[in-house]
Number of protein chains: 2
Amino acid sequence: MTAFQNILAHFDRYIPLDETEKQALTSRLTERRVKRKQYLLQEGDVCKHFTYVVAGCFKMYGVDKSGTEYNLVFAAEDDWVADIASLHKELPSKLFIEAVEASTILQISKGDLWYLYTNHPKFNRTFRVIIEDKYTELQNRLLQTYSSTAHERYEQFLSQYPNLTNRLPNTQIASYLGITPEFLSKIRNERLTK
Amino acid sequence: MTAFQNILAHFDRYIPLDETEKQALTSRLTERRVKRKQYLLQEGDVCKHFTYVVAGCFKMYGVDKSGTEYNLVFAAEDDWVADIASLHKELPSKLFIEAVEASTILQISKGDLWYLYTNHPKFNRTFRVIIEDKYTELQNRLLQTYSSTAHERYEQFLSQYPNLTNRLPNTQIASYLGITPEFLSKIRNERLTK
DNA sequence: ACCAACCCTTAAACTACATTAAGACTATTT
DNA sequence: AAATAGTCTTAATGTAGTTTAAGGGTTGGT
């Protein structure tokens, strides 16, 4: 399966595209292969692309003064990743987007995305739904962060992202959960001995 | 100043509206006065309106199994409030929106908002920017929640919302910061004795 | 094949924050 | 005007999660 077939199947799950729209979309996508630890975005840069993950996995994270990383989201196959705040407002990002596995992606630039919005209105709707899903994810995550313990958040992570559990090192999962790797290790130990 | 003049001035700060657009907007807005502790949305309901706050203040919050409230956002004058996730997807909300002061609001229903999007394209852009701002706010808040202490978050709150500081009881601010009122009291005490 | 870099775990000491309880003070309702 | 519900603070005790340190295991680069 080619990368284009992959993303077209993805769009079909929202609203199917006709031939003209498929052509308009694929002609504006750039395929890239990125190695592990390579960046799509670094703090201070303006986010220029919306990225669709064909294969592999990325993390989007912020870093505090002392250099500690805080994972906000993971994005694996069939998912989108971008600092939407920076992309839309054209302001320097506070975030990094980095490959945690060797990955294949399709990227569309902000300008080309705007072209699609203007000339092929269906994309307005599809991308709006995609962004709304991201919004919902963030809101649920914030609420969960406040209202549940690290144990509960770990269980929730396991059931929400069962396939990521085995692919990501626990240090990365701990950062996503907002705890130290040492404490995650303790949680995992307690889970097994019960 | 009437409520309509108020919201039209608000839109002028984004992209000015022409007479036809002003008419299309104001004819679809419903003015309401709500008392303190009255709800705009309760858990389990589908969010039906986008609400503009003319005067007063609201909190949007979630509640855990034990009944504890977690404030996600406050919305005061010139701000918008809605559970965007529930509004767009027409799914039951996990959140409450409640007046913390007697307030005056203007509401637009989802159907009327869609009408404006379709027939007056400028609203697409204006509301998209409004929603993007909400998105940015959430993302910054999540990052800050992970990367800074309660002391730092309180200082940040004071500088970001100086006018809310005096209007909201500290119990509500504590809930927004993700701490207990007792601990906020301690923080405030330490701030003053230094 | 080696070295460096990363990763996982355990455990002891520590800290940011929660819980409980109690008293004083302030609004809101009747 | 009294009653009730909400608010703010202090203080003692408790706990979820951090820090530091150390040992062993895995991976990846040259």
Side-chain angles (χ1 to χ4, degrees), chain A residues 34-38 56-57 59 61 64-71 98-103 144-158 164-194, chain B residues 34-38 56-57 59 61 63-71 74 98-103 144-158 164-194:
Chain A
V34 302
K35 295 182 182 163
R36 199 164 154 265
K37 300 201 181 182
Q38 201 172 321
C57 186
K59 58 177 175 178
Y61 61 95
D64 69 11
K65 322 112 203 171
S66 68
T68 310
E69 296 180 5
Y70 301 91
N71 288 161
E98 182 186 334
V100 291
E101 295 175 353
S103 304
Q144 204 205 16
T145 299
Y146 279 112
S147 64
S148 54
T149 65
H151 287 253
E152 291 164 339
R153 267 149 36 217
Y154 182 56
E155 296 295 345
Q156 163 71 17
F157 177 84
L158 292 181
L164 290 184
T165 308
N166 319 300
R167 287 163 61 181
L168 293 169
N170 286 327
T171 47
Q172 295 305 318
I173 297 175
S175 167
Y176 178 88
L177 297 174
I179 59 177
T180 58
E182 290 85 356
F183 191 57
L184 177 55
S185 184
K186 198 170 180 179
I187 289 175
R188 285 159 52 81
N189 184 15
E190 284 168 9
R191 258 174 64 83
L192 295 178
T193 63
K194 262 189 289 196
Chain B
V34 301
K35 294 182 182 164
R36 198 163 155 267
K37 299 199 180 185
Q38 202 172 321
C57 188
K59 59 177 175 178
Y61 61 95
V63 175
D64 69 11
K65 322 113 204 172
S66 69
T68 310
E69 296 180 5
Y70 301 90
N71 288 161
F74 295 117
E98 183 186 335
V100 291
E101 296 174 352
S103 304
Q144 205 205 16
T145 299
Y146 278 112
S147 64
S148 55
T149 65
H151 287 252
E152 291 163 340
R153 266 145 40 213
Y154 182 55
E155 296 296 344
Q156 163 71 17
F157 177 84
L158 291 182
L164 289 184
T165 309
N166 318 301
R167 286 161 63 180
L168 293 170
N170 286 327
T171 48
Q172 295 304 319
I173 296 174
S175 167
Y176 178 89
L177 297 174
I179 59 176
T180 58
E182 291 84 355
F183 191 58
L184 177 55
S185 183
K186 201 170 180 181
I187 288 174
R188 285 158 53 81
N189 185 15
E190 284 168 10
R191 259 173 63 84
L192 294 178
T193 61
K194 262 189 286 197

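Letters A, B, ... mirror the listed sequences (proteins, then strands); counts begin at 1. Because only heavy atoms are used, hydrogens play no part in the values below, and waters and symmetry mates are left out as well, while side chains stay in. What you see is a predicted model; the values in this text were computed from it and never measured.
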For this session: Starting at CD1 of I187(B), measure out to CG of L192(B) and round the result to the nearest 0.5 Å.
Result: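 If I round to the nearest 0.5 Å, the distance is 12.0 Å.
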Problem set entry | Distance, nearest 0.5 Å, that separates CD of E69(B) from OH of Y176(B) |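 Reported value, rounded in 0.5 Å steps: 16.0 Å.
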Are the side chains of [Y] and [X] in contact, using a 4.5 Å heavy-atom criterion?
| X | Y | answer |
| --- | --- | --- |
| Y146(B) | N71(A) | no |
| R191(B) | L158(B) | yes |
| N170(B) | P181(B) | no |

Take the protein atom [atom1] of [X] and the nucleotide atom [atom2] of [N], then report the distance between them rounded to whole Å.
| X | N | atom1 | atom2 | answer |
| --- | --- | --- | --- | --- |
| N166(B) | dT7(D) | CG | C1' | 16 Å |
| R36(A) | dA5(C) | CZ | C1' | 10 Å |
| E190(A) | dT10(C) | CD | P | 10 Å |
| N170(A) | dC7(C) | CG | P | 10 Å |
| K37(A) | dA5(C) | NZ | P | 10 Å |
| L177(B) | dA16(C) | CG | P | 17 Å |

Exercise. So, is R188(A) close to the dT9(C) phosphate, meaning a side-chain N or O under 4.0 Å from OP1 or OP2?
Worked result: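 True: R188(A) side-chain N/O within range (under 4.0 Å) of dT9(C) OP1/OP2.
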Exercise. Within less than 4.0 Å of OP1 or OP2 of dT9(D), is there a side-chain N or O belonging to N189(B)?
Worked result: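 No, outside the criterion.
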Problem set entry | Identified salt bridge (charged side-chain N to carboxylate O under 4.0 Å, His left out) partner of E101(B) from the options K59(B), R167(B), R36(B) | R167(B)
Seminar exercise, completed: Each base of DNA chain C marked ( ) or [ ] if paired in-strand (Watson-Crick or G-U under 3.5 Å), | if paired to another strand and . if unpaired gives ||||||.|||||||||||||||.|||||||
For this session: Remember a base hit wins even if backbone is also touched, and classify S185(B) as base, sugar-phosphate or nothing at under 4.0 Å, heavy atoms.
Result: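 Contact class for S185(B): base.
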Exercise. When you measure from the side chain of R153(B) to the backbone N and O of Q144(B), does any donor-acceptor pair fall under 3.5 Å?
Worked result: no
Exercise. Would a distance-only check, ignoring hydrogens and angles, find a side-chain to backbone donor-acceptor pair under 3.5 Å from E152(B) to T149(B)?
Worked result: yes
Seminar exercise, completed: Per-nucleotide protein contact along nucleotides 13-21 of chain D, 5' to 3', at a 4.0 Å heavy-atom cut-off (B base, S sugar-phosphate only, - neither), is ----BBBB-
Exercise. Taking the six-membered ring for Trp, are F74(B) and F157(B) parallel (under 30°), tilted (30 to 60°) or perpendicular (over 60°)?
Worked result: perpendicular
